[in-house]
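In listed order, ligands and their atoms are each counted from 1.
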Amino acid sequence: MRASPGLRLREAVQSEQPLQLPGVINAYSAMLAASAGFRALYVSGAGVANASFGLPDLGITTLNDVVEDVSRITSAVDLPVLVDADTGFGSAFQIARTIKQLTRAGAAGVHIEDQVAAKRCGHRPNKAIVSQDEMVDRIKAAVDAREDEHFVIMARTDAIAVEGLDAAIERARACVEAGADMIFPEAVDRLEVYRTFAEAVKVPVLANLTEFGKTPLFTLEELRTAGVGLALYPLSAFRAMSAAALQVFRTIRQDGTQQQVVDRMQTRAELYEFLNYLDYEQRLDRLFGTERSEPNNG
Ligand SMILES: C[C@](O)(C(=O)O)[C@H](CC(=O)O)C(=O)O
Ligand SMILES: [Mg+2]
């Protein structure tokens, strides 16, 4: 039997240190990331909210919204996917449902954070967090609900910005005791902090390298020296795609032609290569013959 997505994510963390996790916002961008050689992918909560719904990352989207995006991505690529499950989408039984639904959608693991349900981006001011006990209960509920023991439960703590480093480490330790497999300390501003977490929790620690936030854009080598287990780039491609798309829209609108920007576009040939378009076409020809496509001219 094929190894489960959770097991493959764990193996990837073991074999690549740190494991690079690029965020992907849809099936096609997941295929592009896979072609660049990544061993695992990430579905960002902000990505689901911003890209799929045009909403801010403020706890507005639901479990179903995330499940839908994850299913599309896991159907398109054969890589383990870590999913941002925000605060878990509710209390204990709802968290159990989150784990089951995301497992069924093909996820390899999730991270659940200790912000209150009315959450914010981790790099914004005025975050509020639940008590350590409540966070530990979230993790217990998630661990208890998993059907595949390898499915990864990662605990994210937003406590550094709210209660300080010591409290955040204490929370991370309590989460690991409750069964969390990995730790995501949010909004870290110094490299040494990762080392402190890694030594305190003794499980893989994730560094969130989201741009324009509180964390410097550390290199892989720097993260390696700090003992980081996973390096996350949650929205990098989304930000770049958005800037590129905006430029194209503005140019077409202003110039009345796309001539100035066509050289920035992925060509039809490149697109078809990623999609395996020609294989599909040949399969159609084999199944139905070529003459059938004549009358309607494609
Ligand atoms: C990692 C994150 O949770 C996400 O949803 O991708 C965000 C990223 C961001 O807003 O830049 C976060 O850090 O809160
Ligand atoms: Mg998020």
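Only side-chain heavy atoms of Pro234 come within less than 4.0 Å of ligand 1; its backbone N, CA, C and O stay farther off. Counting heavy atoms closer than 4.0 Å to ligand 1, residue Tyr42 contributes side-chain atoms (C-beta onward) but none from N, CA, C or O.
Atom 14 (O) of ligand 1 has its closest protein heavy atom at Gly122 N, 2.7 Å. The protein atom (non-hydrogen) at minimum distance from atom 13 (O) of ligand 1 is Glu186 OE2, 2.5 Å. Taking atom 7 (C) of ligand 1 as the reference point, the nearest protein heavy-atom neighbour is Asp57 OD2, 4.2 Å. Looking only at heavy atoms of the protein, atom 3 (O) of ligand 1 is closest to Arg156 NH1, 2.8 Å. Closest to atom 8 (C) of ligand 1 among all protein heavy atoms lies Thr210 OG1, 3.8 Å. For atom 10 (O) of ligand 1, the nearest non-hydrogen atom of the protein is Cys121 SG, 3.0 Å. Protein heavy atom in closest approach to atom 6 (O) of ligand 1: Ser44 OG, 2.6 Å.
For ligand 1, the atoms sitting less than 4.0 Å from at least one non-hydrogen atom of Asp84 are 2 (C), 3 (O), 4 (C), 5 (O), numbered in the order shown with element in parentheses. Less than 4.0 angstrom separates some heavy atom of His123 from each of these atoms of ligand 1: 13 (O).
At least one heavy atom of Arg239 sits less than 4.0 Å from an atom of ligand 1.
With 3.5 Å as the limit, one finds no donor-acceptor pair spanning the side chains of Ser44 and Asp84.
Ring pair Phe184/His111 is perpendicular by interplanar angle, where above 60° counts as perpendicular and below 30° as parallel.
Salt bridge status for Asp158 with Lys119: absent, with no side-chain N to carboxylate O gap under 4.0 Å. Remark: Glu177 does not engage Arg173 in a salt bridge, criterion side-chain N to carboxylate O under 4.0 Å. A salt bridge links Arg104 with Glu147: at least one charged nitrogen is closer than 4.0 Å to a carboxylate oxygen. Ion pairing of Arg195 with Glu192 is absent here, as no side-chain N (NZ or NE/NH1/NH2) approaches a carboxylate O to less than 4.0 Å. We find that Asp148 and Arg146 are not joined by a salt bridge, their nearest charged nitrogen and carboxylate oxygen being 4.0 Å or further apart.
Residue Gln266 qualifies as enclosed at atom CD: its count of foreign heavy atoms under 6.0 Å is above 12. Atom CD of Glu281 is surrounded by more than 12 heavy atoms from other residues, nucleotides or ligands within 6.0 Å.
To the nearest 0.5 Å, atom CD of residue Glu163 and atom CG of residue Asp114 are 8.5 Å apart.
For Lys127 (side chain) and Arg120 (main-chain N/O), no donor-acceptor pair under 3.5 Å exists by modelled atom type. Proximity of a side-chain donor or acceptor of Arg239 to a complementary backbone N or O of Glu211 within less than 3.5 Å is detected.
Polar contact with ligand 1: present for Asn208 (N/O pair, distance under 3.5 Å). Annotation: Gly45 places an N or O atom under 3.5 Å from an N or O atom of ligand 1; distance criterion only.
With sequence neighbours excluded, the residues satisfying ring pair (Phe, Tyr, Trp, His ring centres under 6.0 Å) with Tyr272 are Tyr277.
Neighbouring protein atoms of the Mg ion (ligand 2) (N, O or S, distance under 2.8 Å, waters ignored): Asp84 OD2.
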